[in-house]
Amino acid sequence: MSANGVLPSRVEQLKSRELLVEERMHLRQKEYVNIQSFHFFLATWNVNGQSPSATESLEPWLTACTPETPTFYVIGFQELDLDKRAYVIETSLREQEWQRTLEAALRKKAAYKLVRVIRLVGMMLLVYVLEKHAGHVKNVAAAHVGTGIMGWMGNKGGVGIRLEFHGSELCFVSAHFAAHTEEVERRNEDFRNICERMVFNQLQFPKRIKDHDIIMWLGDFNYRIFQLSRPEVQQLISEDRLADLVLYDQLQREMSQQKVFHGFREGRIRFRPTYKYDVGTDRWDSSEKSRVPSWCDRILWKAKDGEEVRQVVYGSAMELRLSDHKPVIGIFDVGVKVVDKSRQKKVYENVLKEIDREENLFIPQATIDCNDFDLGELTFVQQVTRTLTVANNGQVPVVFEFIAKPHSTSYCQEWLKITPQRSFLSQGDVCYVELQVYVDKRTVAGLTSGATTLDDILVLHLDGGKDFFITLHGQYRPSCFGIPLETLAAMPTAVRAPPPAITEQTLISFDNSPTTPSTTFLPVDPHRTPAHIPVEVWMMLRHLYAVSSDIPDLFLQPGPPDEVEKIRDHLDGRLPLPLPGSGHSVAEALLLYFDSLPDPLVPYRLYHECLDAGANWSACRFVLEKFPKAHRETFKAFIVLLRKLQRHWDQHPSSDVGTLEVIADLVLKLPVELSKALSGMGQVGKGVARQAISRKKTAFLQQFLINRLDDEPIIPAELTSPATVVTTFPVTFD
């Protein structure tokens, strides 16, 4: 009987019977399944933003190294497009160029069919299968995870494709981890992030990477040779002492300490390091940085107990000189479960007879280990995870899912992610459901204003069985992130300082226009004239202006997550400058603040006017005067910082437009109605429209970089003493 007292319907009873049959068939699959070996060709190449060469054939990489015709080709690319605009534009000509070149090369081998392609910025993964085997491929799904700046930008991260081939489930992940020798833990974190966040939601029962029989990772993992100088490394290579050199490989060390790729295997490395070469040569990096040769590009695999995977080739294509990386190849004989139809039919008939002899069709039953979760205190970009254990203690398989409550369209609040949301449990099985709470730009404004709270009631439904009700409750600790500019500029004390003895006031947050909605936010002093630039924003601008103007890719490369959290706490307390952490982390925090605003730095109501004004300086100045005071003065100060950074861009032209496009996408956010209109377009039309919008956004910002306003704020070139810093707040410009 279900929780509302209604007996399971006939449909639900039949569904339970089908699940029971499926479960019994699975338990007896050895009686009708044979293991058959198939040839898999995996390859990865960081192409350094290059187009395919007209003179350099891909055959040494894709076809010449294997006389046997592979059943599958799995090809991963990194740095497909180095144009920074690719961070915010969905389409890329490089994708089409490389796909056409690949398929032309594969046609010389045999007739292949594209199973799926997925791209995220410069990462692309393609899976091809021999046409004669295409009918045995099913339940294909793809997913991607960005781990770049602000935890989502796709200049780093992973793309994945999963599929079922005959009776085996396979998952392929192509990844690009953080660069630089010293960033070992950041690379480990990228791996953990992808494993945690990549979910193939297109399936009836969503799956994660770990839920597959065979898992294969390939890509530019960026682990380096450490503790040896470049001359020492080159000496070992020249003497062909690669086995000695591998002892100094960061990835193998991290794997041996079970910090990353736990349970995975890698073939013996018998090829020269694949990075870094002078483009067009086999000569090690001769640039000023003179990087130490390393095996950045790797292929690893993991198989469940009983699955058969044998690597027959692990090497690189040294003949290809298009990039500063060499391509890597891995060829495998993979044992796949192939069903014998006649034997399967006999087992199926026997299973039906067994179930018919049983007296009852059992009602699905399960238990949970907790129905009340205390989330504690959370603040912006802080993650808390709780685990719910669901156990099948009945006599039949169970399907459970979290369902929406009455009068609700979603099964959980926006700040909560449930993995898995729906799952299947065999008799006696246990599922560990992750309840991941994270306050980000989507939810911070509502929590800050009090419109929403960290409270929810979940309904866990058993198909054909009862419902469980699970409560979650926590407290949100306010942060400057998510507070509107006008409100934050008016606050006389830090967000976490003891509040003044005043009553709550209603603040019209964006301007005094009667068309702008009112929003109730944190207590403010009604007798205080609002400062035009929030103290917290000014602190970030001052820090970046003083110490970080010469850092490359300042708004494109992320800082360590713990540094961003320290900066958040520093700002929330209005502690003295300098801010903790690297320049990249402070820049990321500034972008996070802009991204968390309920109304962007460029207000939604002025979005179209700004785009239309981009070609005319007078029009740009005119529309700027319509900004609310805090938005206008903050925008001016931000432009002063960007103009100083432009000196570095002049030395590195590729950073100029790309960085501006990323910034423009955050400060000139798409209004909801325009976003909906774009989502209704086809892929090509949407890509063209986004490029046109991106050009207009960038043109608007460039007008303020090229021209100067008479009343721009002056940001000190140096950080002053803590005492002076404190007394200069709040900042006003009259």
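It should be emphasised that the depicted structure is a prediction, and the values quoted were computed from it without experimental measurement. In this chain, residues are counted from 1 in sequence order.
For Glu377, the side-chain hydrogen bond (donor to acceptor under 3.5 Å, both in side chains) partners at least two apart in sequence or on another chain are Arg477. Residues satisfying the side-chain hydrogen bond (donor to acceptor under 3.5 Å, both in side chains) criterion with His608, sequence neighbours excluded, are absent altogether. Residues that satisfy the salt bridge (Lys or Arg N to Asp or Glu O under 4.0 Å) test with Arg643, not counting sequence neighbours, are Glu712. Remark: Gln436 engages Glu196 in a side-chain hydrogen bond (donor to acceptor under 3.5 Å, both in side chains) (not counting sequence neighbours). With sequence neighbours excluded, the residues that form a side-chain contact (heavy atoms from CB on, under 4.5 Å) with Cys195 are Phe191, Trp217. In terms of the ring pair (Phe, Tyr, Trp, His ring centres under 6.0 Å) criterion, residue partners of Phe704 (sequence neighbours excluded) are, by chain and number, Trp617, Phe635, Phe700. Applying the side-chain contact (heavy atoms from CB on, under 4.5 Å) test to Ala141 and every residue at least two apart in sequence or in another chain returns Arg162, Phe200, Gln202, Leu203. Checked against side-chain hydrogen bond (donor to acceptor under 3.5 Å, both in side chains), Ser582 has the following partners two or more places apart in sequence or in another chain: Glu563, Ser585. Partners of Phe638 according to the ring pair (Phe, Tyr, Trp, His ring centres under 6.0 Å) rule, which considers only residues two or more places apart in sequence or in another chain, are Phe594. With sequence neighbours excluded, the residues that form a side-chain contact (heavy atoms from CB on, under 4.5 Å) with Ala619 are Ala613, Asn616. Annotation: salt bridge (Lys or Arg N to Asp or Glu O under 4.0 Å) contacts of Arg208 (sequence neighbours excluded): Glu434. Every residue meeting the side-chain contact (heavy atoms from CB on, under 4.5 Å) condition with Lys696, not counting sequence neighbours, appears here in chain and number order: Leu611.
Looking only at distances, a side-chain donor or acceptor of Glu588 sits under 3.5 Å from a matching main-chain atom of Gly559. A donor-acceptor pair under 3.5 Å is formed between the side chain of Lys697 and the backbone N or O of Leu668. The backbone N or O of Ala630 lies less than 3.5 Å from a partner atom in the side chain of Glu486, making a donor-acceptor pair.
Cation-pi check for Lys156 over Phe177 is not met; the charged atom does not lie both under 6.0 angstrom from the ring centroid and within 45 degrees of its normal.
Looking at Asn193 and Thr147, their side chains never bring a donor and an acceptor atom within 3.5 Å of each other.
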Worksheet item: Can you list the steps and then say if Asp569 with Arg496 is a salt bridge (charged side-chain N to carboxylate O under 4.0 Å, His left out)?
Response: CA-CA 9 Å; Asp569 293 342; Arg496 294 190 190 168; 3.1 Å; yes

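Residue Ile457 places its CD1 atom among 12 or fewer non-hydrogen atoms of other residues, nucleotides or ligands, all under 6.0 Å distant.
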